[in-house]
Amino acid sequence: MSSPAVIPRALGAANGSVLATRFGYSSLERQRQRLPVFKYRDAILYLVENHATTIIVGETGSGKTTQIPQYLKEAGWAEGGRVIACTQPRRLAVQSVASRVAEEMGVKIGEEVGYTIRFEDQTNPGFSRNYSVIMVDEAHERSISTDMLLGLLKKIQRRRPELRLIISSATIEAKSMSNFFQNRCFVGAIGPKWGLVVAHRIELIYEKDGNETFDQLLILVKEVLEDGSLSIGSHGSKPFGQVEGVVKVRPFGISGGPESMTLGKKVLEHFAMDSVPNQLPAIVSVEGKGYTVDIYYVEEPVSDYLQTTVDTVLLINEKESPGDILVFLTGQDDIDAAVKLLTDATHDDKKRSSGLLILPLFSGLSRVDQDLVFAPTPRGKRKVVISTNIAETSLTLEGVVYVVDSGFSKQRFYNPVSDIESLVVAPISKASARQRAGRAGRVRPGKCFRFTIYLAKKLDFLVFSVGSAVLSSLISFIYCGIFSGRIQGTRLYTEDYFLKEMAADGIPEMQRSNLVSCVIQLKALGIDNILGFDWLASPPPEAMVRALEVLYSLSIVDDDVKLTSPIGYQIAEVPMDPMVSKMVLSACDLGCSEEMTTIAASLSVQSIWVSGRGAQKASDEVKLRFAAAEGDHITFLNVYKGFINSGKSSQWCYKNYVNYHAMKKVVDVKEQLCRLLRRFGLALKSCEQDTQAFHFSVHFVLSHVDGSACAALGLPCSCFILRKAIIAGFFANSCYMEVCLQATSTLFSFIIEHLFATSYFSNLIFSCRNTATMDCTRQLEVLKKYTFILPLYCSGSSLASQIKVNPKWVVYHSLVSTDKHYMRNVIAIDPSWLIEAAPHFYQTRSPNLALY
DNA sequence: AGGGTTTTTT
């Protein structure tokens, strides 16, 4: 069972002529030859020919991404209907790499060179994915998808020895990457003394009596070759020792007796596998095209990093030759503050700040403002771009000569015990610092000014010795408690920190995230032993167990942890969070899929609103026109309807503080979802006519007034069916809104969280608003079977908190955890719906104060 | 009565 479908964004190149005859060919060809990677052409081809895996260590600008696929093609790897693939972590890169390669080859996109990204398959219609070489680019970024892909490819490689892998990675990781792909595959027959047989490519050790005959062993090997579901692991992965008592794996190198060696060799000969490539990965290093960047550190710790940033920018402007400045800070707050400080400085100190063009950059910025950043710097001006880590990899600015690096970024951490993801300001790794500095050397030699924060010793330990699951979950606690919000009053410092204390690499995303989607994807690929999957870096076992628990509670997996049919299999195919998918499928049952696909699509974009900063009041007022008393999900329906009625007008969006690009994506995602549902044979139905759905209110498009009026009656107004369908996916995110616990301190909330978390209470959430004090348990009628008290706050962006609806019970879509836990996208519910939707999760109980 | 989201992606 090979799984080409999981390989994202394939850049395929098929048969055909390589050379273009049109004018301009020779200059293109000369350009290609000037790229640093050209010198390594023959070496790379030789290594790929002879090694199963080749690791290319290359800095940016070496040309490896566009050139290597072409070299392979020229060497015949695309012949006989075979395909060379290159994967990229970002859509934009896929398109630009593909079009560059097509241009250089003189062909049209979609013919010999194609690409696939979501909503866009630019490959030949007859194209079959028979890969000869797969190049995984930017593997050092260690995104969840890359890590999964690498694990899967390793598995596939065992059964397809002719498949070649190329992994492009940054220096630091090359070694561990090489170890990972060192397929010490072996045939082994295990006797009472654990004697092993032979080397090479088939990894199989049977613990029988060790007296198998050649014929018996042949049968065993055949089974392994044919039965992909057999669990096989690498040495050191303990869980494998317990797999059904069939397959056991022991480290290679425990020597087998001479007879077993002979036996193994005979097996290999039988399968004629001697021409298989060397399993030891090859490593090539390719230099980049970047210019040198001198690094400067602060000598003494300083007290305010924003002020220091501003001072540094002014100093560069005063003393250094022309060239743009790129500043790395952590988030919009910091960036806004720094922009303001700098702007103030331009008024106060005209001399030092003359010619400065100060621009913020972060992903939430409107398209117009982002374009400003990419516009060429006017003559006599110096651009200062103050950015999040979006400028680290995702966007490239030309003309930057100076980089100012705060040494921090916001990073996601996940606590599998409380099931909460937090966004936390944390120190970056050396790899990131190097990447940031490199941004200064694209046009000419540059300079990088580094600031790094001083951490208390105790934290250093936790931060830098991550790896164990316990520590990584602890980190999210500690970070959240201490480094919340703006960093201020902290000390910045020195080279010593960079050299001695900064972590070499970041923590892979896999170890900092909720794994529900990842686990269901693996399940869908037939990988049942999730805990034993061969990861490049294993996620915390708690996170995997938690993911399985969530899938189980949603009836996506059954008692045997197998995907349920049809719902589990269907959900695995929906490209969304399983809780969202469950909600959509339930909507099909309940007859409101038309509306629910809109809601699901709206939830899948970052925000359908444009950030109203600067015009908060005005934008709030406008947004209220869409507000539904039932909650944010229903509000989305109103916005969507408005957008469609306007003819998908960007003007309409502008006037209503709605994000035009987000809405276009909503339309695309909705379309994709509907196609998928139709393929499942599920009907698209609207609940608009459903009388029960609109028991109290005639129409679901509620104006502000209607909503308030209903709320005044204490009635969540309508959309019962929709809300019940939402609950089918999100019942676990219920919350009782209570006025209690005066301004619960962050510290206090973490103590509570920690207390409950450590005693393995299931996640559960009860909430408060931070006003008057009151016994928060008194009114509880429904308790989750395991109760976990956690103060939650309604996000200010939630319209439910703006119109004066105060529902008792709500279900939220997600938590944003910064200094506090904020619920994003909330709907009002009736608690009895929870018991109805998830009797396995909730039970009715009389208030029991003794519990606390 | 009150306030936020680093970044990707199927």
Side-chain angles (χ1 to χ4, degrees), chain A residues 5-9 87-94 116-121 138 141-146 148-149 328-336 361-365 387-395 406 408-413 421-426 428 432 484-486 506 509 512-513 517-518 520-521 524 571-578 580-581 600-601 604-607 609 611-613 616-617 619-620 665 668-669 672-673 676 739 743 769-772 793-806 814-825:
Chain A
V6 299
I7 294 158
R9 296 178 194 64
T87 73
Q88 291 291 325
R90 279 168 291 278
R91 297 165 58 91
L92 206 66
V94 171
T116 22
I117 51 180
R118 190 183 196 182
F119 308 127
E120 225 185 308
D121 188 346
E138 316 283 5
E141 285 183 21
R142 303 298 304 273
S143 67
I144 290 185
S145 342
T146 332
M148 270 175 73
L149 187 57
F328 285 103
L329 296 180
T330 62
Q332 192 178 348
D333 273 353
D334 277 358
I335 290 168
D336 287 347
L361 177 63
F362 46 89
S363 92
L365 213 58
S387 172
T388 59
N389 46 1
I390 193 174
E392 198 176 304
T393 47
S394 307
L395 297 178
S406 69
F408 275 85
S409 68
K410 285 200 183 176
Q411 293 163 33
R412 186 172 51 209
F413 285 91
E421 282 184 330
S422 317
L423 201 59
V424 163
V425 171
I428 61 170
S432 283
S484 53
R486 172 96 59 84
E509 195 184 9
R512 312 182 332 243
S513 313
S517 295
C518 166
I520 196 174
Q521 269 179 285
I571 286 178
E573 274 194 67
V574 183
M576 303 188 123
D577 181 285
V580 177
S581 314
S604 80
V605 298
Q606 225 167 28
S607 172
W609 308 109
S611 131
R613 289 199 190 194
Q616 199 69 60
K617 260 227 139 85
S619 83
D620 279 356
K665 195 180 163 198
D668 282 345
V669 174
Q672 191 193 19
L673 256 179
L676 201 59
V739 183
R769 304 191 102 191
N770 50 348
T771 44
Y793 301 83
C794 206
S795 164
S797 66
S798 169
L799 287 175
S801 74
Q802 292 191 19
I803 52 182
K804 306 184 170 32
V805 181
N806 278 315
S814 61
L815 283 184
V816 174
S817 298
T818 50
D819 56 332
K820 293 186 182 104
H821 302 293
Y822 294 97
M823 297 180 284
R824 272 196 79 206
N825 299 323

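Each chain gets a letter, A, B and so on, in the order its sequence line appears, and its residues count up from 1. All values below come from the heavy atoms of this structure, side chains included, with hydrogens, waters and symmetry mates left out.
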Novice: Side chain of A/Arg90 only, heavy atoms from C-beta on: which candidate in B/dT8, B/dT10, B/dT6 is closest?
Specialist: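 Of the candidates, B/dT8 comes closest.
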Novice: Round to a whole Å and report the spacing from CG of A/Leu673 to P of B/dT9.
Specialist: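 A/Leu673 atom CG is separated from B/dT9 atom P by 18 Å.
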Novice: Nearest whole angstrom, please: distance from the P of B/dT6 to the CG of A/Asp336.
Specialist: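 Going from A/Asp336 (CG) to B/dT6 (P), I get 10 Å.
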Novice: Roughly how many Å is it from CZ in A/Arg412 to C1' in B/dT6, rounded to a whole number?
Specialist: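 My rounded result for the distance is 9 Å.
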Novice: Between A/Val580 and A/Ser604, is any pair of side-chain heavy atoms under 4.5 Å apart?
Specialist: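 Contact flag for A/Val580/A/Ser604 side chains = no.
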Novice: Do any N or O atoms from the side chain of A/Ser406 and from the backbone of A/Phe328 form a donor-acceptor pair under 3.5 angstrom?
Specialist: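 Looks like yes, one N/O pair under 3.5 Å.
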Novice: Of all the choices, B/dT8, B/dT6, B/dT10, which nucleotide is nearest to the side chain of A/Gln606 once you look at every atom?
Specialist: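 Nearest listed nucleotide: B/dT8.
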Novice: Whole-Å distance between B/dT10 P and A/Ile117 CD1?
Specialist: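 Rounded to whole Å, this separation is 7 Å.
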Novice: List the steps, then state whether side chain to side chain donor-acceptor pair (under 3.5 Å) holds for A/Glu141 with A/Ser143.
Specialist: CA-CA 6 Å; A/Glu141 285 183 21; A/Ser143 67; 6.0 Å; no
Novice: Does A/Arg91 reach the main-chain N or O of A/Arg118 with its side chain, forming a donor-acceptor pair under 3.5 Å?
Specialist: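 Checked: pair present.
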Novice: If the cut-off is 4.0 Å, is A/Ser363 near the phosphate of B/dT7, judged by side-chain N/O to OP1 or OP2?
Specialist: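 Answer is yes, contact under 4.0 Å.
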Novice: Report the residue (A/Ser607 or A/Phe119) whose heavy-atom-nearest nucleotide on DNA chain B is the more 5′ of the two.
Specialist: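 Final value for this comparison: A/Ser607.
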Novice: Would you indicate which nucleotide in B/dT6, B/dT8, B/dT10 comes nearest to any side-chain atom of A/Gln332?
Specialist: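 The closest nucleotide is B/dT6.
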Novice: Tell me: CE of A/Met148 to P of B/dT9, nearest whole Å?
Specialist: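 Distance check: A/Met148 CE to B/dT9 P gives 17 Å.
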Novice: What is the distance from CG of A/Leu92 to P of B/dT8, rounded to the nearest Å?
Specialist: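 Atom-to-atom, A/Leu92 to B/dT8, this comes out as 10 Å.
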Novice: Quick check on B/dT7: is either OP1 or OP2 less than 4.0 Å from any side-chain nitrogen or oxygen of A/Thr388?
Specialist: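 Yes, A/Thr388 has a side-chain N/O under 4.0 Å of OP1/OP2 on B/dT7.
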Novice: Can you tell me how far P of B/dT8 sits from CZ of A/Phe362, to the nearest Å?
Specialist: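 Distance check: A/Phe362 CZ to B/dT8 P gives 13 Å.
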Novice: Establish, from distance only, whether the side-chain atoms of A/Ser432 and A/Glu392 form a donor-acceptor pair under 3.5 Å.
Specialist: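 Checked: A/Ser432/A/Glu392 side chains pair up, N/O donor to acceptor below 3.5 Å.
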Novice: I want to confirm an ordering. Mapping A/Pro575 and A/Ser409 to their closest nucleotides on DNA chain B, which one lands closer to the 5' end?
Specialist: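 It is A/Ser409, whose closest nucleotide lies nearer the 5' terminus.
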Novice: With the side chain of A/Lys665 defined as its heavy atoms from C-beta on, choose the nearest nucleotide among B/dT7, B/dT6, B/dT9.
Specialist: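 The nucleotide sitting nearest to the side chain is B/dT9.
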Novice: Between B/dT7, B/dT10, B/dT8, which one does the side chain of A/Arg118 approach most closely?
Specialist: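 For A/Arg118, the side-chain atoms sit closest to B/dT10.
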Novice: The side chain of A/Ser394 is closest to which nucleotide in this list: B/dT9, B/dT8, B/dT6?
Specialist: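 Of all the options, the side chain of A/Ser394 is nearest to B/dT8.
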Novice: Just how far, in rounded Å, is C1' of B/dT9 from CD1 of A/Ile144?
Specialist: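 My rounded result for the distance is 10 Å.
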